[in-house]
Amino acid sequence: MGDFWKTTAQIYSTLFEKPKMTQKLLEKPPFKYIFDIIMETTKQTGYAKGLYTNDELDGNSYDNKDKKLLFLQKIIDLTSMMLKEEIAAKPTLIVIGLEPENTNQLLIQIYRAAVSGKDSKFYVEQVLAKIGACPKEIGQVQEHNKKPEQLNSINNLQPQQIIEQQQQQIYGLENELKQKDAIIINLEQQIQALKSQLKQIAKES
């Protein structure tokens with residue numbers, strides 16, 4: 001299957017001893033393994049602290065696909081904002097074990113963000129602020145719902161800080177839209193493939 005897993009193994013082995021970085025697990029990372037890697041990374045570096053609720057920090061609570069997708073989407077959004085990079089890995093594909101190369105690349109990006117020395121607190125707040133609002137409502141709804149003390153805090157910010165906050169919010173929204181576009185394109189390709197198969201079957205019958 002290639003050596004795409006080796007870099008992941010090498011870098012994380014410098015950060016912690018467990019979970020073990022093994023070829024078998026990294027060639028097709030199961031959700032629980034990814035979960036353990038992220039939890040230990042947070043423990044060692046403080047990266048993504050506060051991103052997950054107490055329930056989400058319990059590895060035994062992931063009894064359905066939706067919970068796993070939300071867990072992965074949170075860390076993807078956070079890492080994308082931190083690095084200002086697009087993330088190729090898709091939660092829907094990760095949970096079913098597809099495109100392990102992209103999953104390994106995601107783990108590498110998480111590592112880079114974790115050891116970058118940047119405080120992830122601001123970006124964690126940005127990710128959490130997106131939860132519960134539709135993409136087109138994000139920003140407008142959140143601004144409307146801000147408490148007076150939050151608005152005063154914003155008013156006290158320097159122009160450069162306000163600009164940086166807005167840029168991060170814009171980048172996060174753009175990245176989310178690109179991810180949704182990629183999913184739509186993938187579904188359209190699957191539909192076209194199925195149509196072609198049906199046409200072929202009709203010709204042969």
Side-chain angles (χ1 to χ4, degrees), residues 1-52 56-57 59 68-95 97-131 161 163-183:
M1 295 181 66
D3 296 334
F4 61 85
W5 60 275
K6 287 187 175 180
T7 299
T8 314
Q10 290 169 356
I11 60 177
Y12 277 101
S13 293
T14 66
L15 193 61
F16 49 70
E17 294 183 358
K18 291 183 179 181
K20 293 289 186 181
M21 297 291 108
T22 67
Q23 178 178 354
K24 180 179 179 181
L25 288 171
L26 287 173
E27 281 186 338
K28 192 175 181 181
F31 174 80
K32 183 59 168 64
Y33 186 57
I34 297 170
F35 174 88
D36 289 342
I37 290 174
I38 293 172
M39 291 299 100
E40 190 61 26
T41 299
T42 299
K43 180 180 177 181
Q44 297 298 329
T45 68
Y47 179 62
K49 185 177 181 180
L51 183 63
Y52 298 109
E56 290 171 328
L57 293 173
K68 295 177 181 179
L69 293 178
L70 178 58
F71 176 91
L72 292 168
Q73 192 60 60
K74 279 185 173 183
I75 197 67
I76 287 173
D77 287 347
L78 174 63
T79 305
S80 179
M81 288 182 183
M82 283 280 291
L83 297 179
K84 297 183 180 180
E85 296 177 2
E86 291 187 24
I87 306 291
K90 304 292 185 295
T92 51
L93 300 181
I94 294 173
V95 296
L98 296 181
E99 298 185 356
E101 295 91 344
N102 286 339
T103 303
N104 272 260
Q105 183 58 38
L106 168 62
L107 291 173
I108 293 170
Q109 289 171 302
I110 291 172
Y111 174 87
R112 287 173 49 218
V115 300
S116 67
K118 294 174 63 177
D119 189 348
S120 63
K121 181 179 179 181
F122 168 74
Y123 302 96
V124 166
E125 291 173 351
Q126 290 293 303
V127 173
L128 296 180
K130 291 168 57 179
I131 297 174
Q161 291 176 304
I163 291 172
E164 182 178 352
Q165 285 190 357
Q166 294 300 321
Q167 287 176 334
Q168 289 299 330
Q169 187 175 45
I170 291 169
Y171 181 80
L173 291 172
E174 288 177 341
N175 187 56
E176 184 175 331
L177 288 173
K178 287 177 181 178
Q179 291 176 348
K180 292 182 184 298
D181 287 342
I183 292 173

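Worth saying up front: this structure is predicted, and the values here are computed from it rather than measured. Just so you know, these numbers use all the heavy atoms, side chains as well, and skip hydrogens, waters and symmetry mates.
- Under the side chain to side chain donor-acceptor pair (under 3.5 Å) criterion, T8 pairs with N104, not counting sequence neighbours.
- For the pair F4/I108, no side-chain contact is recorded, criterion being any heavy-atom separation below 4.5 Å from C-beta on.
- Taking CG of D36 as the reference point, atom NZ of K43 lies at 11.5 Å (rounded to 0.5 Å).
- Here the closest non-hydrogen pair linking L128 and G50 is CD1-O, 3.5 Å.
- Note: T92 OG1 to K68 NZ = 13.5 Å, rounded to the nearest 0.5 Å.
- Using the six-membered ring where Trp is involved, Y52 and F71 have ring planes that are parallel, under 30° apart on the 30 and 60° scheme.
- Judged as a salt bridge (charged side-chain N to carboxylate O under 4.0 Å, His left out), and not counting sequence neighbours, the contacts of E56 are K74.
- For the pair L26/K6, no side-chain contact is recorded, criterion being any heavy-atom separation below 4.5 Å from C-beta on.
- The minimum heavy-atom distance between S120 and L78, with the atom names listed, is O-CD1, 4.2 Å.
- Residues V124 and K49 fail the side-chain proximity criterion, which asks for heavy atoms closer than 4.5 Å.
- Here the closest non-hydrogen pair linking Q109 and E86 is NE2-O, 3.5 Å.
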Verdict with reasoning, M21 to I37, per side chain to side chain contact (heavy atoms under 4.5 Å, CB included) = CA-CA 9 Å; M21 297 291 108; I37 290 174; 3.8 Å; yes

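- In plain terms, the two heavy atoms of I76 and A89 that are nearest each other are CD1-O, 3.7 Å.
- P29 and P100 get closest at one heavy-atom pair: CD-CB, 4.1 Å.
- Rounding to the nearest 0.5 angstrom, the gap separating the CG atom in L51 from the OH atom in Y123 is 14.5 Å.
- Side-chain contact between I94 and I34 is present, with at least one heavy-atom pair separated by less than 4.5 Å.
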Side chain to side chain contact (heavy atoms under 4.5 Å, CB included) assessment of V95 paired with L72 = CA-CA 9 Å; V95 296; L72 292 168; 3.6 Å; yes

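- The nearest pair of heavy atoms linking T79 to A113 is CG2-CB, 4.2 Å.
- Rounding to the nearest 0.5 angstrom, the gap separating the OH atom in Y33 from the NZ atom in K24 is 12.0 Å.
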Side chain to side chain contact (heavy atoms under 4.5 Å, CB included) between Q73 and K130, intermediate numbers included | CA-CA 11 Å; Q73 192 60 60; K130 291 168 57 179; over 6 Å; no

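- Atom CG in L106 sits 10.5 Å away from atom NZ in K90 (nearest 0.5 Å).
- In this structure, S80 contributes its side chain and D77 its backbone to no donor-acceptor pair below 3.5 Å.
- For the atom pair E40 CD and E17 CD, the distance stands at 10.0 Å (nearest 0.5 Å).
- No side-chain heavy atom of K20 sits under 4.5 Å from any side-chain heavy atom of Y12.
- A heavy-atom distance below 4.5 Å is not found between the side chains of T22 and W5.
- Looking at I75, I38, D119, V115 one by one, the single match for side chain to side chain contact (heavy atoms under 4.5 Å, CB included) with Y47 turns out to be I75.
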